[in-house]
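Notes for the one structure printed next.
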Amino acid sequence: MRVGERVALLAALLLNLTGPHASSCPVEIEPPRVVVPYGGSFSVLCRALTPMVDVIAVEAAYGKQDQNRIQNVTWSFEQVDAWDIVASCYVNLLPSSNYTELQCQNVIPVTVYKYPQNVTITDTEGDLDEGILREFRCDVTDVAPVDDISVTWLIGNTPVQSNHNLNGWKELNDTKKPGDVSSLFSYEPRREDDGLHIRCQVNFNLGPSGPQKPQTSQGLPLRIRYPPAKITRLEDTELEVGSSSTLKCFSDAHPAPTYHWDYYKTGNVQVMDVPGGSHLHINKTTDVNIGNYTCIVANDLKNISKMARVTVKGANSQCPITITPERLVMPYGNQTSVLCENSNKDASRNVIALNWRVDHHIVPGPRLFLDKVLVWDPRAECIGTFSGIGKCSKSFDVTFYKTADSVSIHSINHTGPMLADEEYQLQCDIVNVAPVQNLTVRWYQGDDLLKDQGSLRVTGCPHENKVECDIQVIRSPVNVSSTITVRLGRNQDGAQFRCEAQLALEQQPPPPMMFHRLNLSVHYRPIINKKPESKVPVFKGYPVELVCEADGRPVADIHWYSAKGVRVSGGNLTATEAGVWTCNATNVVGYNYAEVEVVMKEDYLPLIAGFVAATVLIISAVFIFFYSIYYKNTRMRRYSLKNPKPSALNGNVAHNSWDSQLPMTKLS
């Protein structure tokens with residue numbers, strides 16, 4: 001009730017007590033309401049609130065009344081045997097009273113109640129499943145009044161629902177009399193309620209004067225089935241090599257769950273059930289114990305799982321599969337297969353599946369037939385699925401190859417013979433070969449390996465298209481070329497170049513080598529390698545032979561030209577007179593020349609010979625003359641003794657072995 005309504009009600013009560021405008025009937029009833037069990041007793045006092053009373057009495061079909069005074073009357077019922085008791089307290093007022101109505105009455109409310117004969121819960125469907133609604137029914141029989149009771153549902157001792165509008169009471173003709181009613185409760189089972197009791201409790205809603213003790217049904221035990229919801233005590237573990245450890249798995253469920261472990265099964269692992277859970281014991285840990293350990297908890301409602309990772313310090317997990325052969329180099333399209341197998345007995349115990357994956361496509365089964373692989377660069381791996389490990393894989397290295405259809409050499413942008421000391425490019429074309437990553441191209445000149453081994457590129461491939469032009473990437477057959485730059489000298493005419501192409505593969509025997517030879521002609525302009533001196537004398541009557549020789553490819557044509565316009569074919573020229581001659585050597589490449597000046601000389605040989613003879617005669621005569629004088633002076637001893645002077649031995653004294661020294665004077 002709101003505050004305003006309460007204030008208005010209080011004002012009305014005050015008016016009833018103070019004057020005729022306040023109440024239509026000045027009668028007080030004690031107690032103001034009667035709540036009595038069937039077969040019980042009660043009494044009610046009616047008291048006038050004004051002395052202006054002529055008559056006060058109780059009008060009722062049951063009970064008796066006792067009027068003590070003019071203003072009071074007592075109404076009592078020794079043993080209630082009626083269900084619908086109607087009674088009222090009335091007064092007749094004196095005409096001199098201030099009330100507008102001289103006769104009035106107030107109803108005496110009487111409620112007869114009866115505790116239910118039975119309060120029972122009905123459920124015929126058996127066990128409950130968690131989360132699935134179940135409807136329970138509480139039947140209340142032979143209770144009165146049915147419209148003043150409510151039913152409260154309890155799980156354990158906790159109220160969970162209260163119903164006031166019960167089923168069945170509206171169908172009763174007289175709700176004051178005992179009747180049968182029921183209450184429905186939609187219950188969503190919870191695992192925490194398992195084992196508790198569900199009850200329904202009947203309460204009378206008759207106020208403080210009514211019965212306060214509820215009547216409760218017997219408890220119905222809740223058997224709730226619920227799936228395992230959480231696994232506890234299972235955590236990742238890191239172990240030392242050689243150590244031991246126990247993994248623990250616990251969960252709550254009803255019916256009691258079963259426990260199963262999924263792991264890589266080895267001889268040093270044991271599983272044992274314990275109350276409420278399961279243990280997995282690892283004894284003397286090794287690297288094979290690395291992996292995932294999954295505990296699976298299940299009952300007939302659901303199964304759940306939790307995984308713990310076991311690692312071993314200093315050890316790595318290995319994928320227990322082997323591939324035979326481990327690597328293969330083979331011609332594309334050959335009928336060859338490769339086998340993927342378990343690497344040991346433990347792997348055979350734990351294997352779930354062995355399959356191949358080739359370029360994102362799954363090939364079922366452990367054997368891969370390579371002639372069915374249609375790509376040149378397959379990315380193949382064997383995928384093994386094992387308990388505890390899950391999926392692991394090993395790659396298989398296979399190289400498909402194709403030898404070249406042909407190898408050829410040609411010059412780039414040039415045909416015909418080459419010119420000495422000019423640069424030219426030679427290209428070696430290798431047609432339809434794979435894989436080019438393993439292609440080795442070697443250039444030879446004669447039997448000598450060239451310093452310039454050229455650059456290898458895909459033929460006709462645009463440089464901007466990196467994927468199709470990248471030799472390190474492309475694996476399918478392509479045409480490739482190798483280009484070198486050569487400069488040949490004049491002494492290298494007929495030089496032979498050889499291009500060898502071979503796939504360098506790990507295969508025995510290796511694929512055959514392919515090669516091509518190219519012989520080159522070298523042309524060069526003539527070089528005059530034999531010619532006369534720049535000036536050659538010629539004597540009249542004595543012609544001189546001039547010789548001019550030149551080296552050139554093709555062979556040079558040699559001609560002599562004089563300043564006077566005379567042309568002489570060939571390299572030999574007989575010159576008889578003075579003049580300037582030019583030797584010209586010419587071929588298709590170019591020309592070369594040399595000039596010779598022939599100088600005319602007089603013949604002084606006879607004159608010289610006469611002069612030489614005369615000179616000889618004169619010299620001979622002079623010699624003879626002096627010799628004769630000497631002979632006379634020395635051999636005939638003609639000396640003069642005039643004015644002799646002795647002196648030491650000198651050139652002016654003649655002496656011999658037998659002569660004594662005498663002073664002499666040499667004759668003049």
Could you please spell out the steps behind the side chain to side chain contact (heavy atoms under 4.5 Å, CB included) verdict for D180 and V140?
-> CA-CA 6 Å; D180 299 337; V140 182; over 6 Å; no
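- Taking CD of Q201 as the start and OG of S183 as the end, the distance is 12.0 Å to the nearest 0.5 Å.
- L328 pairs with exactly one of I323, N334, V338, T336 by the side chain to side chain contact (heavy atoms under 4.5 Å, CB included) rule, that one being T336.
- Between the side chain of D142 and the main chain of P178, no donor-acceptor pair closer than 3.5 Å is present.
- Within a 6.0 Å sphere centred on CD of Q437, heavy atoms belonging to other residues, nucleotides or ligands number more than 12.
- One N or O on the side chain of N344 and one on the backbone of A347 form a donor-acceptor pair closer than 3.5 Å.
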If you look only at distance, which donor and acceptor atoms sit under 3.5 Å apart when one is on a side chain in residues 301-318 and the other is two or more places apart or in another chain?
| residue | atom | partner | partner atom | Å |
| --- | --- | --- | --- | --- |
| K306 | NZ | L234 | O | 2.9 |
| R309 | NH1 | N292 | OD1 | 3.1 |
| K313 | NZ | E240 | OE2 | 3.2 |

List the steps and the verdict of side chain to side chain contact (heavy atoms under 4.5 Å, CB included) for S343 and I321.
-> CA-CA 5 Å; S343 61; I321 58 179; 5.7 Å; no
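- Here the side chains of I198 and F136 are in contact, with some heavy-atom distance below 4.5 Å.
- Side-chain atoms of V34 and P109, non-hydrogen and from C-beta on, never get closer than 4.5 Å to each other.
- A donor-acceptor pair is defined here as one N or O able to donate and one able to accept, closer than 3.5 Å; such a pair exists between the side chain of N299 and the backbone of Y226.
- Heavy-atom contacts from other residues, nucleotides or ligands closer than 6.0 Å to CD of E238 number more than 12.
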Where do R357 and E381 land on the salt bridge (charged side-chain N to carboxylate O under 4.0 Å, His left out) test, with the steps shown first?
-> CA-CA 6 Å; R357 179 164 56 200; E381 59 180 349; 2.5 Å; yes
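- Of the possible donor and acceptor atoms, none in the side chain of T158 sits under 3.5 Å from a partner among the backbone N and O of L154.
- Minimum heavy-atom separation, S182 to D139: CB-OD1, 3.4 Å.
- A 4.5 Å side-chain heavy-atom check between C249 and V297 finds at least one atom pair inside the cut-off.
- Here the straight-line distance linking atom OG1 of T111 with atom CG of D147 works out to 9.0 Å at 0.5 Å rounding.
- Of the possible polar contacts, one joining the S244 side chain to the K284 backbone as a donor-acceptor pair under 3.5 Å is found.
- Other residues, nucleotides and ligands place no more than 12 heavy atoms under 6.0 Å from the CD atom of Q218.
- Using a cutoff of 4.0 Å between basic side-chain nitrogens and carboxylate oxygens, R225 and D300 are scored as salt-bridged.
- In this structure, CD on Q502 lies 12.5 Å from CD1 on I430, to the nearest 0.5 angstrom.
- In this structure a side-chain-to-backbone donor-acceptor pair under 3.5 Å is present from T237 to E235.
- Considering only heavy atoms from C-beta on, L206 comes within 4.5 Å of R33 through its side chain.
- At distances below 3.5 Å, not a single donor-acceptor pair connects side-chain atoms of E500 with backbone N or O atoms of W443.
- Looking only at side-chain heavy atoms (C-beta outward), F386 and N342 come within less than 4.5 Å of each other.
- Heavy-atom contacts from other residues, nucleotides or ligands closer than 6.0 Å to CG of D447 number 12 or fewer.
- The minimum heavy-atom distance between K402 and W376, with the atom names listed, is CB-CH2, 3.9 Å.
- For the atom pair CD of Q445 and CD1 of I484, the computed distance is 8.5 Å after rounding to the nearest 0.5 Å.
- For an aromatic pair to be called close, the ring centres must be under 6.0 Å apart, and Y38 with W83 satisfies this.
- Scanning all heavy atoms of the two residues, the minimum distance from F400 to P331 falls at CD2-O, 4.4 Å.
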Extract all donor-acceptor atom pairs below 3.5 Å that involve side chains of residues 366-374 and protein atoms in other chains or at least two apart in sequence.
| residue | atom | partner | partner atom | Å |
| --- | --- | --- | --- | --- |
| R367 | NH1 | S337 | OG | 3.0 |

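- Taking OG1 of T246 as the reference point, atom NE2 of H281 lies at 5.0 Å (rounded to 0.5 Å).
- The closest side-chain heavy-atom distance from V143 to Y115 is not below 4.5 Å.
- By the 6.0 Å contact criterion, CZ on R349 is enclosed, its count of non-hydrogen atoms from other residues, nucleotides or ligands being greater than 12.
- With a 4.5 Å cut-off on side-chain heavy atoms, Y187 and L128 count as touching.
- Although no hydrogens or angles enter the test, the distance criterion places a donor-acceptor pair under 3.5 Å between the side chain of H254 and the main chain of I224.
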Do N157 and R199 pass the side chain to side chain contact (heavy atoms under 4.5 Å, CB included) test, and can you show the C-alpha distance, the side-chain angles, and the key distance before you say yes or no?
-> CA-CA 9 Å; N157 294 321; R199 295 174 297 165; 3.0 Å; yes
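- A donor-acceptor distance shorter than 3.5 angstrom exists from the side chain of Y259 to the backbone of S251, with no hydrogens or angles considered.
- More than 12 non-hydrogen atoms from other residues, nucleotides or ligands lie less than 6.0 angstrom from CZ of R134.
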Please walk me through it: do V329 and R327 pass side chain to side chain contact (heavy atoms under 4.5 Å, CB included)?
-> CA-CA 7 Å; V329 179; R327 189 178 186 278; 2.9 Å; yes
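- W153 and S162 form no side-chain donor-acceptor contact under 3.5 Å, judged by distance and modelled atom types alone.
- Listed by first and then second residue, the disulfide bond (SG atoms under 2.5 Å apart) pairs that reach into residues 187-239 are C138-C200, sequence neighbours excluded.
- Here the side chain of Q215 pairs no donor or acceptor atom with the backbone of N118 at under 3.5 angstrom.
- A distance of 9.5 Å separates CG in N289 from CG in N283, rounded to the nearest 0.5 Å.
- Counting only N and O atoms by type, the side chains of S150 and N163 include no donor and acceptor under 3.5 Å apart.
- F250 approaches P275 most closely through the heavy-atom pair CE2-O, 3.5 Å.
- A salt bridge is defined here as a Lys NZ or Arg NE, NH1 or NH2 lying under 4.0 Å from an Asp or Glu carboxylate O, and D346 with K265 fails to meet this definition.
- With a 4.5 Å cut-off on side-chain heavy atoms, C392 and P320 count as touching.
- Using a 4.0 Å cut-off between charged nitrogen and carboxylate oxygen, R191 and D194 do not count as a salt-bridge pair.
- The cationic atom of R498 (NZ for Lys, CZ for Arg) lies less than 6.0 Å from the six-membered ring centre of Y444 and within 45° of the ring axis.
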